[in-house]
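These notes concern the structure reproduced below.
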Amino acid sequence: MTDSHAELHELLLRAGLEKVGHGGVSEALPSRAAWRPVISANTVPTLTVPDDRPDLVAELNRQWHRLAVERGVIDGDGEFLINVGNQGCACWTRVRLGEQWDLAGLLGSRPGQPEFVTMSPDGESVLGVTCEEYEVWFVAVAPFGDWLEAWARGWAAESPDVGWDIVLRRKTGPARLRGAWREGLGANPSASPAVLCRLLDVAPEERLPSGLRYRELPEEVVAAWVAHPEWRVRKELAERPLTPEQSAALFRDPDPHHRWLLLTSVVYQHPPLTAATFAQLATDPSPRVRAELARHRDLPVRHLVALAADPDIEVRKEAVSPAWTHLTPPARAALLADPDAGVRAEAVLLHHGSTPLTAAVFAALPEDTQRERAARTCLLARELAEKLVHGGETVLRSAAAQNPHLDSDLVARLGQDQDPGVRRQVSIRPDLTEAERARVAVEFDPEARCHPLQWVRDLEHDEEAMRRCATSAHVMLRRSAARATNLPPDVVDLLARDEDRVVRLFLAESCAQAPADLLLEMARTWNGYSSTRMIDHPNFPRQGLLRFADDPDPRTRRLALLDPEAPTELVERFSRDADSDIRYSALRDERLSVASVIRLLDDPHWSVRHTAAVNPRLPTRLLTTRLYDRTTANSTAANPALPEAVMHHLLNH
């Protein structure tokens, strides 16, 4: 809990309010929306109380409670939402009244000067209390949704292009808004190269705008970033794809730690490097850099071979495995006799990929993980193979069950193993016939997370292999085949009708030939991250989706908007839907009225509010007011309607 939240909690406790649960509120209109009718210049109070009454605090508490009950602010469980004006916290707290409470005496700058707003949990009733000259105002609004609709329509009627001069005339802006403006401008799609380059200049206490890391940038901006004099700015480039020439400039950094940090990202992302950069890094003075370079999958063979003979132990450890197939017999022999036990063990494992591994050499391996790997990958001498297969260590039997060199009789023995994990490893071997596979008793959890079998993925361009996998009794083979990007029509038809839901899901996610009815099924029933992939698939059926407009399931209902014949009225209706994803979909439809876009600026969900805030159709004067609100400055600065002069003006503060 932050200090400000702790102070608020203590204040509410002293005021006699009991938090409901943890007090947090996630499904409610922003508190600023509820304050709006309370502090508006056009507000007509529901009730006023002179501030010179001798019993002022008691009277204010009595009137608030009366109005809160009459207007439905307090629900049937005695609960309501509250936001205190002078606490600097925009969040709501869900509370109920305790036995002894005093809102008017404690929720303000001093007793009798309250500043707070309350709202019913359903968001339909608002009651705010604020101080005006010589009196205290009570402002009650119900139904609040109607008030917001009218407020949005009023803004929508304004001229859309009037107001930027208000911003340009302001000589200074609050320092607390500078970071929010920079963040927003970093994500603004219409920010010019000149604006984006200015964002690279950060004060010591500032961070680089996060939006710059992930967006497309003009070449001149990236060039300026690469040439930036501060490492803390340059290092952010590690998260971006760069050209070989841009990477080359970064790797000329004199600090070896910087070069290593950049290289770790390059190794992970695998962007191309120039031949000169590879050569430079292969002879880098830092062993840590050379060791990291050995992990780069595109490192030229000559450098890989050289690193396998590097004087540093850690470099040799990293290089020995990727270099092994390219090494001469003397070079391999040197690694097998390396002074470091770790390097020797790695060389032994690689050497016995084609030379039988004896029980004595196996026992001499220094670590359990190395012995497990040997059981899984090495060519095992028959004596050792039998010992592992009949041994008591389940982890070694499971490893042996994956060994591609294992004799068929030993594979059959492991297929009858008492451990279900061992039997499962046998059941997915690529060398089994379907009859052999069927004889392995497998316990399979259809809901367990699974990864496609790599050997099946490697065969995805072999149509006959895909047919065999698609007709397999083993579901993992069928699931793996369904991950192929292209499949013959008969295989697609078979997998699309598979009894296993994950098979059908994988086919819908991955296959270019996925049928329309399957894509529709998954769009209606799957709520994972890939659900949008179904809708974007070229085969997804859009005609006739209007029939789902009244479906009780939001995942199905939202599809109606994809129908080419979906009317504008449906867009407006969906912008008021109870489901936030449907409101979000409506907001992305260009036919949605400006008034509805404005109304959604106060949506309970941040993603909807943000998407509304970056809509370029918002009236200019509304944008200018939101630029100077700390809760909306970030998203407003990301609006592409901001003129370049305004962007520069914001950066001048």
Glu346 side chain reached by Arg373 side chain, heavy atoms, under 4.5 Å: yes
Flag for Glu460-Thr485: side-chain donor and acceptor within less than 3.5 Å: yes
Nearest non-hydrogen partners of Ile535 and Ala523, listed with the distance: CG1-CB, 4.4 Å
Nearest heavy atoms of Val608 and Ser580, plus distance in Å: CG2-O, 3.7 Å
Exercise: identify the closest heavy-atom pair between Cys469 and Val456: SG-CG1, 3.9 Å
pair Arg397-Gln418: side-chain heavy atoms closer than 4.5 Å: yes
Over 12 non-hydrogen atoms of neighbours within 6.0 angstrom of OH in Tyr268: no
Partners meeting salt bridge (Lys or Arg N to Asp or Glu O under 4.0 Å) with Glu434 (sequence neighbours left out): Arg437
Could you pull out all donor-acceptor pairs under 3.5 Å where a side-chain atom in residues 280-289 meets a protein atom, sequence neighbours excluded?
residue : atom : partner : partner atom : Å
Gln280  : NE2  : Phe251  : O            : 2.8
Thr283  : OG1  : Ala279  : O            : 3.2
Thr283  : OG1  : Gln280  : O            : 3.3
Asp284  : OD1  : Arg259  : NH2          : 2.9
Asp284  : OD1  : Ser286  : N            : 2.8
Asp284  : OD2  : Arg259  : NE           : 2.7
Asp284  : OD2  : Arg259  : NH2          : 3.3
Ser286  : OG   : Arg288  : N            : 3.3
Ser286  : OG   : Val289  : N            : 3.4

Note: Asp368-Arg371 ion pair, threshold 4.0 Å (strictly below): yes
Arg295/Glu292 ion pair, N-O < 4.0 Å: yes
Distance-only polar pair, side chains of Ser635 and His610, donor-acceptor under 3.5 Å: no
Aromatic plane relationship, Trp231 with His258 - under 30° parallel, 30 to 60° tilted, over 60° perpendicular: parallel
Test item: Val502 and Val475 side chains (from C-beta on) under 4.5 Å apart, heavy atoms: no
Within-4.5 Å side-chain heavy-atom neighbours: Asp579 and Tyr584: no
Name of the residue among Asp500, Asp498, Thr471 meeting side-chain hydrogen bond (donor to acceptor under 3.5 Å, both in side chains) with Arg478: Asp498
Heavy atoms of other groups near Gln269 CD, more than 12 under 6.0 Å: yes
No-hydrogen, no-angle side-chain donor-acceptor test under 3.5 Å, Ser530 and Trp526: yes
Donor-acceptor pair between Ser585 and Arg558 side chains, under 3.5 angstrom: no
Salt-bridge contact Arg382-Asp409 (side-chain N to carboxylate O under 4.0 Å): yes
Between Glu183 and Ser210, a side-chain donor and acceptor under 3.5 Å: yes
